[in-house]
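FYI, side chains are in, hydrogens and waters are out, and symmetry mates aren't considered; it's all heavy atoms of this structure. The chains referred to below are lettered A, B, ... by the order of the sequence lines, with proteins before strands, and numbering in each begins at 1.
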Amino acid sequence: MIDRKAFRQNFEVMQAGLARRNSDLVAEGSAWSKAKALDIAQRDIKAKSEALQAERNSVSKMIGEKKRAGEDVSDIMKKMGEAAKAVKVLDTQAKEAEEAFVSALMEIPNIPHHSVPDGADETSNVEIRRWGNPRQDEVPPHWDIGEALGILDFDAGVKLAGSRFSVIRGVGARLERGLMQFMLDMHVDQHGYEEVWVPAIANRKTLTGTGQLPKFEDDLYRLEGEDAFLIPTAEVPVTNLYQDDILNPSSLPIKHCAYTPCFRREAGSAGRDTRGMIRQHQFDKVEMVQLVHPDDALTTLDEITKHAAAILEALDLPYRVVNLCAGDIGFSAQKTYDLEVWLPSQSCYREISSCSSFGQFQGRRASIRFRSESGKPEAVATLNGSGLAIGRTLVAILENGWQADGSVIIPKVLRPYVGNLERIEAS
RNA sequence: GGAAGGGUGGCAGAGCGGCCGAAUGCACCGGUCUUGAAAACCGGCGAAGGUAAAACUUCCGUGGGUUCAAAUCCCACCCCUUCCGCCA
């Protein structure tokens, strides 16, 4: 959620920032433009309501005092009976106005940081750096490699659950599990994160705190008969571990990593990546989350990005870092670096990790605060990054490690996790 | 699923329809004392909106109701704990 004081005081600046995402966001009829009117209405009705409440409170107090003194108060009480009704009406209106204002605010995305490049879509993203030597020879797509080796079974996924589900078998399954362990171990042992194991189901409040709700309900799997959803990312439960808390500043930064399955309906991506396991309804991911002092948000973003990149480097997978443009960053994000891994079958880089700073946007929504230097509670800054998406990592390993004889070389650091196996061969 | 009990400030835990945003203890912050610390003593200490600062308003699980006045009374819902049942 954007800061409501800043919304009033820096309206023009924020509007310009928002428009960098998409000019529709500040157009007539947008949540942004509605919010301004709703704020004025809200303040106006509240002032009226509060004045009347103040009067009711003071008269009520007086009635109590007079009664105790034995005086007759029936006249005043009769008069207050009328006023009480008016209070109720105004109070209801004030609550509605406040609610309308807040729900408009909830629909407004975060303001992009000034270091985020201009642009409407991914074509304007800016490459920051590259690592590794991408192979340029002809490599089959991972689904052919995986099926030939007997470790990927897309038909089974369809049979069991539907399209965009898959089954991993044998060494492939062990590799999926090994990747998860390897990534968690690295973040815990070398990057200083505390591992947490969290529910894969979250309630409405939790999903609102990180920004998936109310706007993106269609992207989530909702549980029948309950106001709860399957999580689309570990970011949701892990960040919300601290919802409604006021943290001691000495406890910052808080660093967590977690493995969870992730569930996405992919409502808007029909026809994209329909083959293979690039885009699944269910996938595995190791996520890093940090809660930091607001001043440290951007430096921490660099740090998280390095932590994610360290996994790719350890696996010897070529990648590049991309600074997403204003039109391409997510709803809650202030700034995002994507890590894109080289996929030789497609001769291009594909997203494998997304590292974002949310500034205080989520901190305000989820009411995660710390006691600031002034003694007043202030929203923390939150960040997260995939470290990494496991299914896509498996894809990258299959393609980058593929040999002309059809086998796949397993990266050295993973071998201890798969019984010291050096390569995957057809059985 | 059945039964009982319970949701109050960071925690524990009082609370008669008005004098209750709320006793008390712990924790925390500042001070006295001390070489330093502990103890003891003194003082401070919830959040949100609002304001230049105040005033003022709201918040005792959530939503409604009764009343001039609700943490306190009534109704509904949610959650937690314990016991029973079921169960990885």
side-chain hydrogen bond (donor to acceptor under 3.5 Å, both in side chains) between Y259(A) and E287(A), worked out: CA-CA 6 Å; Y259(A) 157 79; E287(A) 186 79 3; over 6 Å; no
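- Here G1(B) sits opposite C84(B) as a Watson-Crick or G-U wobble pair (both hydrogen-bonding atom distances under 3.5 Å).
- Distance NZ (K61(A)) to P (G21(B)): 7 Å, rounded to an integer number of Å.
- Distance noted for atom P between A47(B) and G10(B): 8 Å (whole Å).
- Taking every side-chain heavy atom of R371(A) into account, G46(B) is the closest of C68(B), G46(B), A48(B).
- Taking the charged nitrogens against the carboxylate oxygens, D302(A) and K306(A) have no contact shorter than 4.0 Å, which rules out a salt bridge.
- Summary of the strand contacts: E82(A) and D39(A) both lie near RNA chain B, and taking for each the nucleotide with the nearest heavy atom, the more 5' one is attributed to D39(A).
- Between the CE atom of M1(A) and the P atom of A48(B) there is a distance of 12 Å, rounded to whole Å.
- Atom P of G43(B) sits at a distance of 45 Å from the matching atom of C75(B), rounded to the whole Å.
- Remark: the separation of the P atoms in G44(B) and C80(B) is 39 Å, to the nearest Å.
- Taking atom NZ of K95(A) as the reference point, atom P of U62(B) lies 11 Å away to the nearest angstrom.
- Between K66(A) and A69(B), a side-chain N or O to OP1/OP2 separation shorter than 4.0 Å is absent.
- Shown here, A12(B) forms a base pair with U24(B); the pair counts as Watson-Crick or G-U wobble because both key distances fall under 3.5 Å.
- Of the candidates G64(B), C56(B), A47(B), C56(B) carries the atom nearest the E50(A) side chain, counting heavy atoms from C-beta on.
- Across all strands, K5(A) comes closer than 4.0 Å only to sugar-phosphate atoms, never to a base (heavy-atom distances).
- Here the separation of G15(B) from A23(B), taken at their C1' atoms, is 8 Å to the nearest Å.
- In this structure, R369(A) does not reach the G46(B) phosphate: none of its side-chain N or O atoms is under 4.0 Å from OP1 or OP2.
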Going through the checks in order, is the salt bridge (Lys or Arg N to Asp or Glu O under 4.0 Å) test met by R20(A) and D118(A)? CA-CA 6 Å; R20(A) 288 216 295 144; D118(A) 286 327; 2.8 Å; yes
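- Around CD of E99(A), the count of heavy atoms belonging to other residues, nucleotides or ligands within 6.0 Å does not exceed 12.
- For the pair K215(A) and F331(A), the cation does not sit on the ring face, since its NZ or CZ is not both under 6.0 Å from the ring centre and inside 45° of the axis.
- Across all strands shown, C41(B) pairs with G31(B); the Watson-Crick or G-U wobble distances both stay below 3.5 Å.
- Remark: C1' of C78(B) and CD of E226(A) are 13 Å apart, rounded to the nearest angstrom.
- Of the candidates G50(B), C56(B), C68(B), C68(B) carries the atom nearest the I63(A) side chain, counting heavy atoms from C-beta on.
- Taking only side-chain nitrogens and oxygens, Q53(A) comes nearer than 4.0 Å to OP1 or OP2 of U58(B).
- To the nearest angstrom, C1' of A69(B) lies 18 Å from NZ of K78(A).
- Of the residues near RNA chain B, Q42(A) and G64(A), the one whose nearest nucleotide (by heavy atom distance) lies more toward the 5' end is G64(A).
- Under the Watson-Crick or G-U wobble criterion, with both distances below 3.5 Å, G7(B) is paired with C78(B).
- A71(B) and U81(B) are spaced 28 Å apart, taking the P atom of each and rounding to whole Å.
- Atom-to-atom, NZ of K48(A) to C1' of U57(B) comes out at 16 Å; the value is rounded to the nearest Å.
- A side-chain contact (heavy atoms from CB on, under 4.5 Å) with T382(A) is found for one member of T210(A), T239(A), V238(A) and no other, namely T239(A).
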From CA spacing to verdict: side-chain hydrogen bond (donor to acceptor under 3.5 Å, both in side chains), N203(A), T206(A): CA-CA 5 Å; N203(A) 60 32; T206(A) 296; 2.9 Å; yes
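- Base pairing of C73(B): its partner is G65(B), meeting the Watson-Crick or G-U wobble criterion (both donor-acceptor distances under 3.5 Å).
- Using a 4.0 Å heavy-atom distance criterion, M80(A) is classed as a sugar-phosphate-only contact.
- Residue contacts shown for N57(A) are limited to sugar-phosphate atoms, with no base heavy atom under 4.0 Å away.
- Between the side chain of K46(A) and the base of G50(B), no donor-acceptor pair under 3.5 Å is found.
- Salt bridge status for R350(A) with D273(A): present, with a side-chain N to carboxylate O gap under 4.0 Å.
- Nearest nucleotide to the P377(A) side chain, out of A48(B), U58(B), U57(B): A48(B).
- Distances shorter than 4.0 Å separate none of the side-chain N or O atoms of R43(A) from OP1 or OP2 on G49(B).
- The nearest whole Å value for the distance from the CG atom in D91(A) to the P atom in G63(B) is 11 Å.
- Between A69(B) and C16(B), the distance separating the two C1' atoms is 15 Å to the nearest Å.
- Base pairing of G49(B) is made with C56(B), judged by Watson-Crick or G-U wobble geometry with both donor-acceptor distances under 3.5 Å.
- For the C1' atom pair drawn from G2(B) and C73(B), the interatomic distance equals 29 Å after rounding to whole Å.
- Between R204(A) atom CZ and U62(B) atom P there is a gap of 19 Å when expressed in whole angstrom units.
- Atom name P, nucleotides C77(B) and C84(B): the rounded distance is 27 Å, in whole Å.
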